[in-house]
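Following: one structure in structure tokens, then a few remarks.
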Amino acid sequence: MKIAILGLGFMGEKHKKVLSGFSEIEISALIDSKYKTQEQFYHSLEDFLEAKPLVDLVIISTPNFLHYENAITLLENGYNVLIDKPFCFTNQEFQHLDSICKTHHRKAFLVLQNRFSSVANLLQNTFHEKLGKIYNIQFNAFWNRDHNYYQKESWKGKKLLDGGILFSQFYHLLDLISLFVEEDLEIKFKDFSTFRNHEISEIEDTVIAVLESKKGTKIMLNFTNAVYKKNQETSLNIIAEKGTLKIAGQYFDEITYQNIEDIEQDYILKKNTNEENLHHLYEEIFNNLKNLPNKAIQIEDGKRLVNLISDLYS
């Protein structure tokens, strides 16, 4: 199976590294402005499309603001794509992507690899039914992003190019909520503030919101990247009919409180790396492209997430 990678920055190199672990995969095209167009290297997407190489999948790992545009161009030219997060900024862009896939009979896969993490597996498969009715969820993420991240010449922190911290930093956490609650959420309260990064970023550094599901679950979000010097923690508290659960830690990989009806065993989370989750993501995509049973994450699987973030920013 032949793969092309568009964009060889931090994430592009990470995709390249993970793909090297698949013996049946050939990275047959690399597209980045640092290359001169020759053999399997292409200076631009235009050079790649002009050459028309045959590949099974193009991975889009360009800056945030190019993901949607690049995906549309590649789909219209007959390529299947894997779009890094965020795959689009608005509901309208999502609907257009979905329509283009159907019109051109191509597939758009999404880089939502944390759906294969031990935390997601625990919440979906182990505790989802055992907890009963979910009363209250509190989700905190206290991170640091300073001048080393928001550099003057970078697109990061530029409102129209970055999108905001819910797109750049806390995307996977919101995806976990949309995956676990499995309902569209109503926004009861939201506040976007900038405390620490107002001199180095055009976007907010703190989001506080209260959401409510149709079944009455209250969800409180407190996300910030204004923490002093280094990340503090990510923590998820769930208060439910048949139990209480807290997952926390600097890397969000520790069960720090568990009291659930008829469960005496203390669960210990397997510490997945991001690379391991990406590897699983790719396995499912490759199975899909081979028409084998799979759990590949495709464009329609991101609808609830896009709706939530679009509503928060509207």
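With ring centers used as reference points, F167 lies under 6.0 Å from F89.
Heavy-atom neighbours of I187 CD1 from other residues, nucleotides or ligands within 6.0 Å: above the threshold of 12. Within 6.0 Å of the CD atom in E129, the count of heavy atoms belonging to other residues, nucleotides or ligands does not exceed 12. Around the OH atom of Y251, the shell of radius 6.0 Å holds no more than 12 heavy atoms that belong to other residues, nucleotides or ligands.
Following chains of ILVMFWY side-chain contacts shorter than 4.5 Å, one can reach F139 starting from L269, so the two form part of one hydrophobic cluster. I247 and F142 end up in different hydrophobic clusters when Ile, Leu, Val, Met, Phe, Trp and Tyr side chains are linked at under 4.5 Å.
Evaluation of the side chain to side chain donor-acceptor pair (under 3.5 Å) rule for N291 yields no partner, not counting sequence neighbours.
A distance of 12.5 Å separates NZ of K270 from CG of D253, quoted to the nearest 0.5 Å. Expressed to the nearest 0.5 Å, how far NZ of K14 lies from CG of L278 amounts to 7.0 Å. Taking CG of D47 as the reference point, atom NZ of K36 lies at 13.0 Å (rounded to 0.5 Å). Of the inter-residue distances, the one linking H105 atom NE2 with N80 atom CG reads 12.5 Å to the nearest 0.5 angstrom.
Looking only at side-chain heavy atoms (C-beta outward), L305 and L110 stay at 4.5 Å or farther from each other. F252 places a side-chain heavy atom less than 4.5 Å from the side chain of L236. A heavy-atom distance below 4.5 Å is found between the side chains of F48 and V58.
Here E13 pairs with K34 in a salt bridge; the nearest charged N to carboxylate O distance falls below 4.0 Å. A salt bridge does not link D205 to R196: none of the charged nitrogens lies less than 4.0 Å from a carboxylate oxygen. Salt-bridge check for D262 with K130: failed, with every basic side-chain N at 4.0 Å or more from each acidic carboxylate O.
Under a 3.5 Å cut-off, the side chain of Q169 and the backbone N or O of L166 do not form any donor-acceptor pair.
Checked options T224, N225, D146; the residue passing with N197 is N225 (criterion: side chain to side chain donor-acceptor pair (under 3.5 Å)).
For the residue pair C88 and E93, the shortest heavy atom distance occurs at CB-OE1, 3.4 Å. When all heavy atoms of L289 and K107 are compared, the closest pair comes out as CD2-CD, 4.4 Å. Contact between Q40 and S28 at its shortest, heavy atoms only, is CB-O, 2.9 Å.
By the 30° and 60° cut-offs, the orientation of the rings of F223 relative to F170 is parallel.
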